[in-house]
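Small disclaimer: the values here were computed from a predicted structure and weren't measured.
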Amino acid sequence: YNLSLFYTEGRGVAKDAAQAAFYCRKAAESGLAEAQDLLGLMYYNGSGLPKDNEQACAWFQAAATRGFAEAEQHLGVMYYNGHGVPQDSREAARWFCLAAEQGNLQAQLNLGTLYLNGDGVPKDEVKAAFWCSRAAEQGNVEAQYIFGKMLLEGVGVLASAEQAVQVFRRAAEAGYAPAQYMLGDLCSKGYGCPQSRSQAISWFHKAAAQGDIQARKRLDEMRARSDM
């Protein structure tokens with residue numbers, strides 16, 4: 001398995017996807033869950049092996065049944081998208097739940113989103129907020145943005161503009177454009193934070209620099225009103 005990583009990353013040897021896959025398969029066939037998951041990714045991405053979603057699923061399943069959280073998350077994605085298996089949101093939710101309970105932040109976000117939308121599970125805003133907050137606490141910027149909006153609107157949690165600003169700020173400072181726009185909007189209104197045109201303009205500029213259309217529109221509107 002370590003040899004596979006060396007060839008994948010080019011550590012001490014030249015990068016060689018085929019060699020990485022060769023050694024990864026040996027480790028996977030010996031029952032190592034990490035290698036089984038990695039081999040699944042190699043099949044999914046067509047890295048060193050022909051792209052094959054069914055084989056990817058088979059190896060994700062092998063690792064997931066051993067309780068390997070990353071494989072549980074990957075298998076959930078395959079079921080949700082219908083890649084290599086029939087599309088099944090309920091089965092996706094089951095695997096996301098297993099991974100989320102082990103602390104996998106992407107699975108926590110995915111599960112929270114399913115609960116928010118009632119997709120594969122009964123709609124439950126409280127559970128949605130719980131899982132999105134768990135992923136947000138681990139630094140997932142998309143989860144921070146979603147949970148920030150839930151705090152702002154009181155979805156599954158008590159509404160708190162102040163807490164929403166704090167959560168948006170974490171994602172914005174990490175460079176997540178939608179959160180930068182939201183923070184700029186809240187600063188412009190003084191909602192959950194002191195009103196500040198300069199702060200609003202700063203965050204709109206950062207979001208606009210990443211191609212956020214709403215932020216560009218707000219900057220244009222502020223220029224038209226001679227606010228800048």
Side-chain angles (χ1 to χ4, degrees), residues 8-9 37-38 41 44-45 69-74 76-77 80-81 92 96-97 99-117 119 125-222 227-228:
T8 298
E9 300 166 7
D37 180 60
L38 179 57
L41 286 172
Y44 181 72
N45 294 317
E70 288 185 28
E72 292 168 344
Q73 151 65 15
H74 292 147
V77 171
Y80 188 76
N81 293 319
F96 288 150
C97 186
E101 288 173 347
Q102 292 193 67
N104 184 284
L105 66 86
Q106 189 60 51
Q108 290 171 343
L109 171 59
N110 291 344
L111 185 59
T113 303
L114 293 186
Y115 274 118
L116 186 61
N117 298 322
D119 186 0
E125 293 176 346
V126 173
K127 288 183 179 179
F130 172 79
W131 286 114
C132 287
S133 70
R134 291 283 294 275
E137 288 165 3
Q138 292 199 68
N140 184 291
V141 292
E142 186 180 355
Q144 289 167 347
Y145 174 71
I146 292 171
F147 186 55
K149 290 185 73 174
M150 296 178 83
L151 283 165
L152 198 62
E153 299 164 10
V155 175
V157 290
L158 289 174
S160 173
E162 291 76 14
Q163 288 183 43
V165 166
Q166 292 176 17
V167 176
F168 284 136
R169 189 178 298 279
R170 290 174 61 195
E173 290 175 347
Y176 192 60
Q180 292 171 338
Y181 171 79
M182 285 299 300
L183 194 54
D185 183 53
L186 294 171
C187 286
S188 72
K189 298 171 180 174
Y191 190 52
C193 58
Q195 189 172 28
S196 171
R197 289 181 179 180
S198 63
Q199 283 290 304
I201 290 168
S202 175
W203 287 116
F204 286 149
H205 267 302
K206 289 177 180 179
Q210 296 191 67
D212 190 287
I213 295 171
Q214 286 182 295
R216 289 177 181 174
K217 183 179 178 182
R218 290 295 293 275
L219 286 171
D220 289 342
E221 290 172 352
M222 295 176 86
D227 285 348
M228 294 173 64

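- From N140, atom CG reaches atom CD of Q106 across 5.5 Å, with rounding to the nearest 0.5 Å.
- Nearest heavy-atom pair across A177 and A207 is O-CB, 3.7 Å.
- For the atom pair CD of Q138 and CG of L109, the computed distance is 11.0 Å after rounding to the nearest 0.5 Å.
- Of the possible polar contacts, one joining the Q210 side chain to the G175 backbone as a donor-acceptor pair under 3.5 Å is found.
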Practice problem: Test side-chain contact (heavy atoms from CB on, under 4.5 Å) on Q166 and L151 and set out the steps. | Solution: CA-CA 10 Å; Q166 292 176 17; L151 283 165; over 6 Å; no
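- Closest non-hydrogen pair, A200 versus C187, comes out as N-CB, 3.9 Å.
- Between D185 and K189 a salt bridge is recorded (basic side-chain N to carboxylate O distance below 4.0 Å).
- At least one side-chain heavy atom of Y80 sits under 4.5 Å from a side-chain heavy atom of L114.
- One finds the OH atom of Y145 at 7.0 Å from the OH atom of Y176 (value rounded to the nearest 0.5 Å).
- In this structure, the side chain of Q108 does not engage the main chain of W131 through any donor-acceptor pair within 3.5 Å.
- Rounding to the nearest 0.5 angstrom, the gap separating the CE atom in M150 from the CD1 atom in I146 is 8.5 Å.
- Separating the CH2 atom in W203 from the OG atom in S196 is a distance of 11.5 Å, to the nearest 0.5 Å.
- In terms of heavy-atom proximity, A71 sits nearest to D37 at CA-OD1, 3.2 Å.
- Across A107 and A100, no two heavy atoms sit closer than the pair CB-N, 3.7 Å.
- Although no hydrogens or angles enter the test, the distance criterion places a donor-acceptor pair under 3.5 Å between the side chain of Q144 and the main chain of A136.
- Considering E72, E70, Q73 as possible partners of Q102, the one that fulfils the side chain to side chain donor-acceptor pair (under 3.5 Å) test is E72.
- For the pair E162 (side chain) and G192 (backbone), a donor-acceptor distance under 3.5 Å is absent.
- None of K206, K217, R218 except one satisfies the side chain to side chain donor-acceptor pair (under 3.5 Å) rule with Y181; the exception is R218.
- No side-chain heavy atom of Q163 sits under 4.5 Å from any side-chain heavy atom of V157.
- Considering every non-hydrogen atom in both A143 and C132, the closest pair reads CB-O, 3.7 Å.
- F204 CZ to L183 CG: the interatomic distance, rounded to the nearest 0.5 Å, is 9.0 Å.
- Between V155 and A129 the shortest heavy-atom distance is O-CB, 4.1 Å.
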Self-check item: Pair I201-M222, side-chain contact (heavy atoms from CB on, under 4.5 Å): steps then yes or no
Solution: CA-CA 9 Å; I201 290 168; M222 295 176 86; 3.6 Å; yes
